[in-house]
Amino acid sequence: MAFPNWTKPAVFGVVVGAFCATVLGFATGFWMTTSKAEVMANEQADAAVSQALLPICVELASRDTARSEKIEDIRDEPSYQRNEAIMDTGWTTMPGAEEADRRVASACVERLLN
């Protein structure tokens with residue numbers, strides 16, 4: 001079977017076009033892999049949960065009788081140790097949980113110190 005002369009350039013153009021479209025689609029963010037979409041969804045869900053739990057941390061802090069001393073102690077810590085300091089207060093341990101939540105601690109530090 002003989003193919004017309006224009007077949008080879010047309011097939012070559014389709015292959016190059018598909019390759020370029022794929023590279024541009026993934027490079028510019030128009031398309032993404034399933035695993036990247038899953039990572040982004042998990043990050044967004046974690047951020048939403050942290051924001052939903054933030055009022056509990058603030059409420060626990062407001063009920064603490066030694067709140068002002070603890071906040072001053074947290075403020076005296078270097079910025080990279082403030083999350084640990086607020087986790088030690090117990091304010092970031094949610095009811096029913098056994099340990100403190102680091103994401104909530106970060107958001108709570110921002111809210112209480114600003």
Side-chain angles (χ1 to χ4, degrees):
M1 176 174 188
F3 292 105
N5 287 341
W6 58 267
T7 307
K8 185 175 180 182
V11 170
F12 182 71
V14 167
V15 170
V16 170
F19 176 77
C20 290
T22 302
V23 169
L24 286 174
F26 282 107
T28 58
F30 291 126
W31 304 329
M32 67 178 60
T33 62
T34 303
S35 60
K36 184 175 179 183
E38 200 171 281
V39 167
M40 288 177 63
N42 286 337
E43 288 173 354
Q44 290 175 350
D46 289 344
V49 168
S50 296
Q51 288 302 313
L53 296 177
L54 178 60
I56 297 171
C57 176
V58 173
E59 180 64 24
L60 291 172
S62 69
R63 290 183 181 184
D64 193 340
T65 57
R67 177 180 189 255
S68 58
E69 295 86 16
K70 289 179 180 179
I71 288 180
E72 284 306 314
D73 290 342
I74 293 168
R75 190 167 280 145
D76 292 340
E77 292 288 335
S79 61
Y80 63 91
Q81 291 180 339
R82 288 182 179 162
N83 288 355
E84 288 293 328
I86 200 165
M87 289 169 66
D88 292 340
T89 64
W91 298 339
T92 59
T93 305
M94 296 297 114
E98 296 197 11
E99 56 186 51
D101 189 332
R102 185 168 299 280
R103 296 172 312 231
V104 174
S106 179
C108 199
V109 164
E110 287 292 320
R111 174 72 60 90
L112 293 175
L113 297 185
N114 292 331

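Residues: numbered from 1 along the sequence shown.
Within 6.0 Å of the CD atom in E99, the count of heavy atoms belonging to other residues, nucleotides or ligands does not exceed 12. Residue-environment remark: CG (N5) stays at or below the threshold of 12 foreign heavy atoms within 6.0 Å. Environment of CE in M40: sparse, with no more than 12 heavy atoms of neighbouring residues, nucleotides or ligands closer than 6.0 Å.
How far CZ of R82 is from CG of L112: 12.0 Å, rounded to the nearest 0.5 Å. Here E72 contributes atom CD and E77 contributes atom CD; the two are 12.0 Å apart, rounded to the nearest 0.5 Å. Rounding to the nearest 0.5 Å gives a distance of 5.5 Å between CD1 of I56 and CE of M94. With rounding to the nearest 0.5 Å, the separation of CZ in R111 from OG in S106 is 12.5 Å. Rounded to the nearest 0.5 Å, atoms CD (E59) and CH2 (W91) are 12.0 Å apart. To the nearest 0.5 Å, atom SG of residue C57 and atom CE of residue M87 are 11.0 Å apart.
Checked options D64, D88, D76; the residue passing with K70 is D64 (criterion: salt bridge (Lys or Arg N to Asp or Glu O under 4.0 Å)). Partner of I71 under the side chain to side chain contact (heavy atoms under 4.5 Å, CB included) criterion, chosen from I86, L113, V109, T89: L113.
Nearest heavy-atom pair, R103 versus S50, reported as atom, atom and distance to 0.1 Å: CB-OG, 3.0 Å. Residue T92 comes nearest to A105 through the heavy atom pair CG2-CA, 3.4 Å, listed as atom of the first residue, atom of the second, then distance. Nearest heavy-atom pair, Q51 versus A107, reported as atom, atom and distance to 0.1 Å: NE2-CB, 4.2 Å. Nearest heavy-atom pair, V58 versus C108, reported as atom, atom and distance to 0.1 Å: N-SG, 4.2 Å.
In the hydrophobic cluster analysis, where Ile, Leu, Val, Met, Phe, Trp and Tyr join through side-chain heavy atoms closer than 4.5 angstrom, F26 is grouped apart from V23. Linking Ile, Leu, Val, Met, Phe, Trp and Tyr residues whenever their side-chain heavy atoms come within less than 4.5 Å places L60 and V49 in a single cluster.
Formation of a donor-acceptor pair under 3.5 Å by the T7 side chain with backbone atoms of F3 is not found in this model.
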